[in-house]
Student: 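Below is a structure I'd like to ask you about.
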Amino acid sequence: MKFQHMFKRTVKEPPKSPVFERPEIPDGLLKKCNACKSAVFVEEVKKNNYICPHCRNYFRVHARRRVEMIADRDSFEEWDSEVVSGNPLKFRGYEDKLAALQEKTGLPEAILTGKALIEGLPAVLGICDGRFLMASMGEAVGEKITRAVERATEERLPVILYACSGGARMQEGIVSLMQMAKTAAAIKRHSDAGLLFISVLTDPTTGGVTASFAMLGDIILAEPGALIGFAGPRVIEQTIGQKLPKGFQRAEFLLEHGFIDGIVEREQQRETLALLVKMHQPVSGKRNLLTGEDQDALWENSFGQELPFTEMDAWEHVQLARDKERPVGTDYIERLFTDFVEMHGDRCYGDDRAVTGGVALFNGNPVTVIVQEKGHGTKENITHNFGMVSPEGYRKSLRLMKQAEKFGRPVICFVDTPGAFCGLEAEERGQGEAIARNLYEMSNLKVPILSIVIGEGGSGGALALAVADEVWMMEHAIYSILSPEGFASILWKDSKKAMEAARVMRLTAWDLKKLGIIEQVIREEVRLSAENMEPVVRKLQTGIRAFLKKYQSLDTAALTERRYTRFRNM
């Protein structure tokens with residue numbers, strides 16, 4: 001890789017010292033980091049994944065080196081090396097430019113495509129190389145991507161594309177523009193076949209590449225600090241006549257605004273990609289849902305009937321549901337699942353921290369997990385908006401559910417919210433529509449859905465994650481039309497009558513089981529906290545295994561009809 005700002009380091013010669021000779025550093029041994037301006041040894045940078053050892057600035061990586069970094073050794077099989085650009089506009093000097101770049105880079109075009117193994121798992125790779133006309137997308141780049149995706153569809157393989165591009169190739173004009181539609185169409189067919197596409201955005205990813213294949217991944221990852229945008233920052237500044245804020249269009253900016261799933265350090269990319277590909281492998285044979293004794297019997301014996309319990313006032317249940325020490329959504333993720341990979345963003349506006357969701361393994365099988373998250377302590381409560389979900393949170397959860405449907409993964413939701421966020425900005429962004437859309441889509445989602453109310457289940461904000469095949473509740477959770485305070489305020493014009501309201505609202509787990517609103521109550525033997533929740537976790541592990549065994553055995557028509565009937569009969 002060639003670094004910018006090449007220089008030779010010198011040592012100033014002492015005056016009148018005829019025996020001293022200034023040492024010369026061999027050309028190419030040292031380069032200058034364009035971020036921190038420190039001198040770096042080229043070999044040290046290469047061994048450090050092309051990252052500055054002083055400031056961790058990411059240098060650009062050429063395509064073949066990228067293959068070496070993520071693929072198993074000697075597993076890469078190059079495809080379509082014969083595909084090269086023509087000169088559709090007869091642009092003067094273009095053919096000579098291409099020939100010079102082919103000789104300089106050793107690449108026929110700006111993208112390298114082929115098939116490889118990543119920790120033993122097959123995948124189709126496409127890796128842009130910024131040395132070749134800034135990896136701009138002309139006819140050859142579009143053709144190679146399209147062929148790779150088509151072949152991946154035929155062979156039923158996942159696709160991983162590393163984007164690095166200045167956008168459409170100007171020398172090819174409208175022909176270049178058409179590659180945006182061509183690559184998007186190929187990816188749509190690949191997606192409709194139920195196959196995985198991971199897009200990895202590196203510095204820079206701009207223009208027509210951003211507006212086509214780069215932003216169409218089922219999962220979109222980015223390298224730290226990568227410039228990502230449609231119009232380049234200089235173009236924007238010239239257009240609006242304003243200086244852009246620091247960090248604008250960087251990977252971190254896109255994560256905050258909901259357009260990518262995560263930022264992955266270069267050292268972790270091979271491991272992360274392998275895990276994601278593993279989680280999306282086609283299922284062959286019977287899933288390993290049960291081990292040992294009959295889990296159905298265990299579950300029914302433990303929770304299939306109303307067991308004796310200590311009588312408790314409804315308001316006491318409310319207080320326990322709101323207990324600051326009570327486990328929150330991520331506590332359940334940590335204890336029930338392994339290899340959780342969090343996904344971020346609604347792809348429209350933002351990443352609502354009141355919802356945490358992603359892919360994980362349960363008993364070795366992939367599931368989609370979505371929780372309404374309150375956090376522990378005041379600082380985390382504020383970060384997660386006390387579990388009050390905004391429209392982008394519901395849209396994020398729905399995006400993850402539809403992704404689960406595509407890949408045949410069950411969905412497990414943990415409900416814990418005092419209610420959907422009610423504020424000016426929530427209304428501006430369509431809070432009602434976002435909740436309604438969840439109800440609409442979940443009613444016919446073609447994979448099993450289990451929802452567990454672990455704390456507060458407040459109104460439509462809770463129901464938006466609880467249109468499920470079964471709904472369970474922790475014994476001291478509550479689930480109601482709105483808060484007792486709100487109920488008292490509306491009906492009796494006095495929020496101070498919340499305690500009385502709680503008694504008439506029938507909001508406890510046992511009340512709702514008698515009403516047929518929920519299927520199971522998970523007993524709590526002690527005042528629940530993150531430190532003493534293991535007995536509850538063991539009960540849930542048993543129950544979830546039984547749930548998955550039951551509902552994954554149903555065909556799609558039976559599953560969705562049963563869910564429709566469940567709510568139709570209420």
Side-chain angles (χ1 to χ4, degrees), residues 49 61-85 102 105-132 135 137 139-165 179 182-202 205 209 212-214 216-221 223 264 266 268-284 366 406-407:
N49 293 300
V61 181
H62 64 71
R64 296 196 186 279
R65 177 68 181 117
R66 182 80 74 172
V67 169
E68 293 172 2
M69 292 165 67
I70 63 171
D72 295 354
R73 187 171 182 177
D74 298 326
S75 70
F76 182 69
E77 170 194 332
E78 185 175 354
W79 290 351
D80 301 311
S81 59
E82 76 284 358
V83 176
V84 295
S85 287
Q102 288 165 350
T105 64
L107 294 171
E109 248 300 338
I111 191 167
L112 182 67
T113 60
K115 178 180 176 181
L117 299 177
I118 304 176
E119 295 188 5
L121 300 170
V124 171
L125 301 181
I127 301 177
C128 295
D129 195 314
R131 299 172 301 165
F132 201 112
M137 183 165 64
E139 180 183 10
V141 170
E143 182 67 17
K144 291 187 73 170
I145 291 172
T146 301
R147 289 191 187 187
V149 173
E150 288 174 341
R151 188 164 171 183
T153 306
E154 292 172 6
E155 299 185 19
R156 300 201 60 77
L157 292 173
V159 171
I160 301 171
L161 295 181
Y162 269 80
C164 166
S165 180
Q179 306 312 307
K182 184 166 83 176
T183 55
I187 289 167
K188 179 65 167 69
R189 288 193 170 192
H190 183 263
S191 179
D192 288 347
L195 299 170
L196 174 68
F197 168 34
I198 302 174
S199 180
V200 186
L201 312 181
T202 71
T205 300
V209 166
S212 57
F213 70 86
L216 294 175
D218 296 298
I219 300 169
I220 304 178
L221 306 175
E223 290 194 324
V264 184
R266 198 169 276 171
Q268 302 299 319
Q269 288 174 21
R270 172 178 159 83
E271 178 185 353
T272 300
L273 292 171
L275 177 60
L276 290 171
V277 171
K278 175 185 175 183
M279 287 180 163
H280 291 82
Q281 288 293 291
V283 178
S284 57
K406 171 182 172 179
F407 295 109

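Keep in mind that this is a model prediction, so the values were computed, not measured. Quick note: residue numbers are just sequence positions, from 1.
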Student: Could you tell me which non-hydrogen atom of A186 sits nearest to which non-hydrogen atom of V149, and how far apart they are?
Tutor: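 Heavy atoms of A186 and V149 come nearest at O-CG1, 3.4 Å.
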Student: How about E223 and Q269: does a side-chain donor come under 3.5 Å of a side-chain acceptor?
Tutor: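 Yes, a side-chain donor-acceptor pair sits under 3.5 Å.
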Student: Please give me the minimum heavy-atom distance between L125 and A71, naming the atom from each residue.
Tutor: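 Heavy atoms only, the tightest pair is CD1-CB, 4.5 Å.
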Student: Does any part of the side chain of D129, heavy atoms only, come nearer than 4.5 Å to the side chain of I111, both counted from C-beta?
Tutor: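 No. Closest side-chain heavy atoms not under 4.5 Å.
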Student: If the threshold is 4.0 Å, N to carboxylate O, is there a salt bridge linking D72 and R270?
Tutor: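 Yes.
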Student: Counting C-beta onward and ignoring hydrogens, is there a side-chain heavy-atom pair between I145 and L161 closer than 4.5 Å?
Tutor: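 Yes, side chains in contact.
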Student: Identify whether the distance between the nearest side-chain nitrogen and carboxylate oxygen of R147 and E82 falls below 4.0 Å.
Tutor: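 Counted as a salt bridge, because a side-chain N and a carboxylate O are separated by less than 4.0 Å.
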Student: What I'd like to find out is whether the side chain of E150 reaches to under 4.5 Å of the side chain of R189, using heavy atoms alone.
Tutor: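 Result no, sub-4.5 Å side-chain heavy-atom pair not found.
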Student: Pick out which of I160, L276, L201 makes a side chain to side chain contact (heavy atoms under 4.5 Å, CB included) with L221.
Tutor: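 When side chain to side chain contact (heavy atoms under 4.5 Å, CB included) is applied between L221 and each of I160, L276, L201, only L276 qualifies.
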Student: Looking only at heavy atoms, which two atoms of L107 and A63 are closest? And how far apart?
Tutor: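 Closest approach of L107 to A63: CD1-CB, 4.5 Å.
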Student: How about M137 and C128: do any of their side-chain heavy atoms sit closer than 4.5 Å?
Tutor: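 No, their side chains stay 4.5 Å or more apart.
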Student: Between the main-chain N or O of A163 and the side-chain N or O of T202, is there a donor-acceptor pair closer than 3.5 Å?
Tutor: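 Yes, the answer is positive, given that a donor and an acceptor are paired below the 3.5 Å cut-off.
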Student: So which of E139, E109, E143 actually passes side chain to side chain donor-acceptor pair (under 3.5 Å) with S85?
Tutor: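 Result for side chain to side chain donor-acceptor pair (under 3.5 Å) with S85: E109.
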Student: I'd like to know if R64 pairs up with E68 as an ion pair, taking the criterion as any Lys NZ or Arg NE/NH1/NH2 lying under 4.0 Å from an Asp or Glu carboxylate oxygen.
Tutor: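 A salt bridge is absent here (no side-chain N lies under 4.0 Å from a carboxylate O).
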Student: What do you reckon, is NZ of K406 surrounded by more than 12 foreign heavy atoms closer than 6.0 Å?
Tutor: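 Above 12, so yes.
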Student: Less than 3.5 Å apart, any donor N or O on the side chain of K182 or Q179 sitting next to an acceptor on the other?
Tutor: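 Q179 and K182 do have a side-chain donor-acceptor pair below 3.5 Å.
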Student: Taking C-beta and beyond as the side chain, do I219 and L196 meet within less than 4.5 Å on heavy atoms?
Tutor: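 The answer is yes; the side chains approach within 4.5 Å.
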Student: Report the C-alpha separation of T105 and H62 in whole Å, then their side-chain angles, then the decisive distance to 0.1 Å, and conclude whether the side chain to side chain contact (heavy atoms under 4.5 Å, CB included) test is met.
Tutor: CA-CA 9 Å; T105 64; H62 64 71; over 6 Å; no
Student: What distance separates L121 CG from L273 CG, expressed to the nearest 0.5 Å?
Tutor: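 The CG atom of L273 is 11.0 Å from CG of L121, to the nearest 0.5 Å.
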Student: Any side-chain heavy atom of I70 within less than 4.5 Å of one from Y162?
Tutor: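 They are in side-chain contact.
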Student: For V84 and A140, work out which heavy atoms get closest and say how close.
Tutor: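 Taking V84 first and A140 second, the nearest heavy atoms are C-CB, 3.6 Å.
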Student: A side-chain contact here means heavy atoms from C-beta on lying under 4.5 Å apart; do V67 and L112 qualify?
Tutor: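 Yes, their side chains come closer than 4.5 Å.
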Student: Look only at the side chain of H190 and the backbone of R151, and say whether a donor-acceptor pair between them is shorter than 3.5 Å.
Tutor: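 Looks like no, no N/O pair under 3.5 Å.
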Student: Checking S191 side chain against I187 main chain: does a donor-acceptor pair fall under 3.5 Å?
Tutor: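 Answer holds: no.
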Student: Please tabulate, for side-chain N and O atoms in residues 113-120, each donor-acceptor pair with protein atoms closer than 3.5 Å (sequence neighbours left out).
Tutor:
| residue | atom | partner | partner atom | Å |
| --- | --- | --- | --- | --- |
| T113 | OG1 | W79 | O | 3.3 |

Student: Do D80 and K144 sit within salt-bridge range, that is, some charged N less than 4.0 Å from a carboxylate O?
Tutor: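 No.
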Student: Do side-chain atoms of T205 reach the backbone of S165 as a donor and acceptor pair under 3.5 angstrom?
Tutor: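 Looks like no, no N/O pair under 3.5 Å.
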Student: Just by distance, do the side chain of R66 and the backbone of V61 share a donor-acceptor pair under 3.5 Å?
Tutor: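 Flag not set: sc R66 to bb V61 has no pair under 3.5 Å.
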Student: Of all residues at least two apart in sequence or in a different chain, which pass the ring-ring contact (aromatic ring centres under 6.0 Å, His included) check with H280?
Tutor: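 Per chain and number, H280 pairs via ring-ring contact (aromatic ring centres under 6.0 Å, His included) with F407.
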